[in-house]
Amino acid sequence: MDRKKFIKTSTILSAAALLPSDSVFAHNLAENGIDRLVDAQGNFMLQPLPYAKNYLEPYMDEETLHLHYTFHHGGAVNGANKDLQMVRKALDENAVETVDYWTKKLAYHLSSHVLHTIFWTNLSNKKSAPAGDLLKRIERDFGSYDKLKLLLSKTSKDVDGNGWGILGYQPYTDKLTVLQCENHEKLTQWGVIPLLVIDVWEHSYYLKYRNRRAEFVDNLYQIIHWDNVAQRLDVAVKLMK
Ligand code: MN3
């Protein structure tokens with residue numbers, strides 16, 4: 001390995017190593033510091049949740065979390081595997097009339113898998129606030145933490161139908177950016193690496209909050225794991241250097 005490559009690999013590994021080695025967060029990361037979404041055979045897989053299902057009570061109730069993780073996230077993982085298989089089958093059989101359908105399905109299911117995987121790690125059972133480089137970038141790119149909160153909350157609450165509010169790192173501009181995502185795959189900016197994602201699908205809050213999406217979004221600030229967001233920023237910046 002040449003020196004440049006060694007230094008690059010080392011900095012990426014040290015980003016992943018910011019996490020305690022026994023933490024489930026660290027265990028769920030691939031060697032380059034990004035989330036592990038596939039098994040050794042390359043099939044999409046559902047990672048274990050990084051905590052017990054009652055860990056986020058009372059802000060996210062145990063039963064909703066159970067249904068959300070098992071059936072909605074789990075369903076997306078199964079769907080992504082099937083979609084990929086069907087694209088390959090269409091190619092093998094030279095029957096490409098169906099690839100339009102399966103390609104769209106794959107974008108939907110795989111994006112759901114990516115965002116849900118990040119979402120679970122973005123939450124904790126205690127309140128925190130951004131610090132360090134993350135806070136500096138928030139202040140530079142949005143004015144203040146309060147202004148980011150306002151923007152991200154409003155963006156999340158106002159999603160048409162089901163979707164996500166997303167704080168991401170845009171490597172083309174080296175800036176933080178806020179996206180409003182519909183479903184799981186629409187309205188992105190190419191290149192953005194998601195750092196903090198807020199699931200505002202009804203399945204995310206229906207049992208406890210019923211129709212009160214805004215209350216759910218406001219309450220999430222009690223359990224956002226800002227250290228995880230900061231670690232994700234650190235990895236994203238280093239990967240792009
Ligand atoms: Mn969801």
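Whatever order the structure lists them in is the order used to number ligands and atoms, beginning at 1.
Using a 4.0 Å cut-off between a side-chain N of Lys or Arg and a carboxylate O of Asp or Glu, D83 and K104 do not qualify as a salt bridge. Between R88 and D92 there is no salt bridge, since none of the side-chain N atoms of the basic residue sits less than 4.0 Å from a carboxylate O of the acidic one. Between K241 and D174, none of the side-chain N atoms (NZ, or NE/NH1/NH2) sits under 4.0 Å from a carboxylate O, so this pair counts as no salt bridge.
Judged by distance alone, the side chains of Y206 and N211 never bring a donor and an acceptor atom under 3.5 Å apart.
The local environment of OH in Y221 is crowded, with over 12 non-hydrogen atoms from other residues, nucleotides or ligands closer than 6.0 Å.
Between W164 and I118 the shortest side-chain heavy-atom distance does not fall below 4.5 Å.
Neighbours of the Mn ion (ligand 1) restricted to protein N, O or S atoms under 2.8 Å: the count is 4.
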